[in-house]
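Before any comments, here is the structure.
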Amino acid sequence: QVQLVESGGGSVQAGGSLRLSCAASVYTSGIYCMGWFRQAPGKEREGVAGIVTGVGSTYYADSVKGRFTISQDNAKKTLYLQMNSLKPEDTAMYYCAAGRARYCSGDYFIPRAFGAWGQGTQVTVSS
């Protein structure tokens, strides 16, 4: 099973930027969904953004559209999440996940649809 390791979290002020990375132990050819989820204290884990590998189509939660950008580097076996214009409500533990391509949109982009997870990286945005 693929192993995922996130990095790049930290503390920033509102309006700042961070770039998260997710290194995969295996990045095979084919079409599947790589995604970012987040979980704030006392809240459920929620989908942030996803990308269908091999196709490049993307999905974003409404709360991050226009501010976050998901991308991938197949050669480096790495997934990225560029986060701009950060807000205090973006504060959460961010997780990288892998799942089937059909789960990479809308109502299907939910945590239980994804079988492989990283350990998470903390993002804290202060006002």
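For Phe109, the ring pair (Phe, Tyr, Trp, His ring centres under 6.0 Å) partners two or more places apart in sequence, or in a different chain, are Phe37, Tyr59, Phe114. Qualifying side-chain contact (heavy atoms from CB on, under 4.5 Å) partners for Val12, counting only residues two or more places apart in sequence or in other chains: Leu18, Leu86, Val125.
Listed for the Thr91 side chain is no donor-acceptor partner under 3.5 Å among the backbone atoms of Glu89. Remark: the backbone N or O of Tyr32 is paired with a side-chain donor or acceptor of Thr53 at under 3.5 angstrom. A side-chain donor-acceptor contact under 3.5 Å links Glu6 to the backbone of Cys96. Using modelled atom types, no side-chain atom of Trp117 and backbone atom of Leu4 make a donor-acceptor pair closer than 3.5 Å. The backbone N or O of Gln3 lies less than 3.5 Å from a partner atom in the side chain of Ser25, making a donor-acceptor pair. Looking only at distances, no side-chain donor or acceptor of Arg38 sits under 3.5 Å from a matching main-chain atom of Ala92.
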For the pair Thr121 and Ser7, evaluate side chain to side chain contact (heavy atoms under 4.5 Å, CB included) and give the outcome as yes or no after the intermediate values. CA-CA 6 Å; Thr121 185; Ser7 61; 5.6 Å; no
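A cation-pi arrangement is present between Arg45 and Tyr95, with the terminal nitrogen or guanidinium carbon under 6.0 Å from the aromatic centre and inside a 45° cone about the axis.
Ion pairing between a basic and an acidic side chain is recognised when a charged N comes within 4.0 Å of a carboxylate O; Lys87 and Asp90 show no such pairing.
Counting all heavy atoms, side chain and backbone alike, Ile70 lies closest to Met34 at CD1-O, 3.8 Å.
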Could you pull out all donor-acceptor pairs under 3.5 Å where a side-chain atom in residues 97-108 meets a protein atom, sequence neighbours excluded?
none

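There is a side-chain donor-acceptor pair under 3.5 Å between Ser17 and Asn84.
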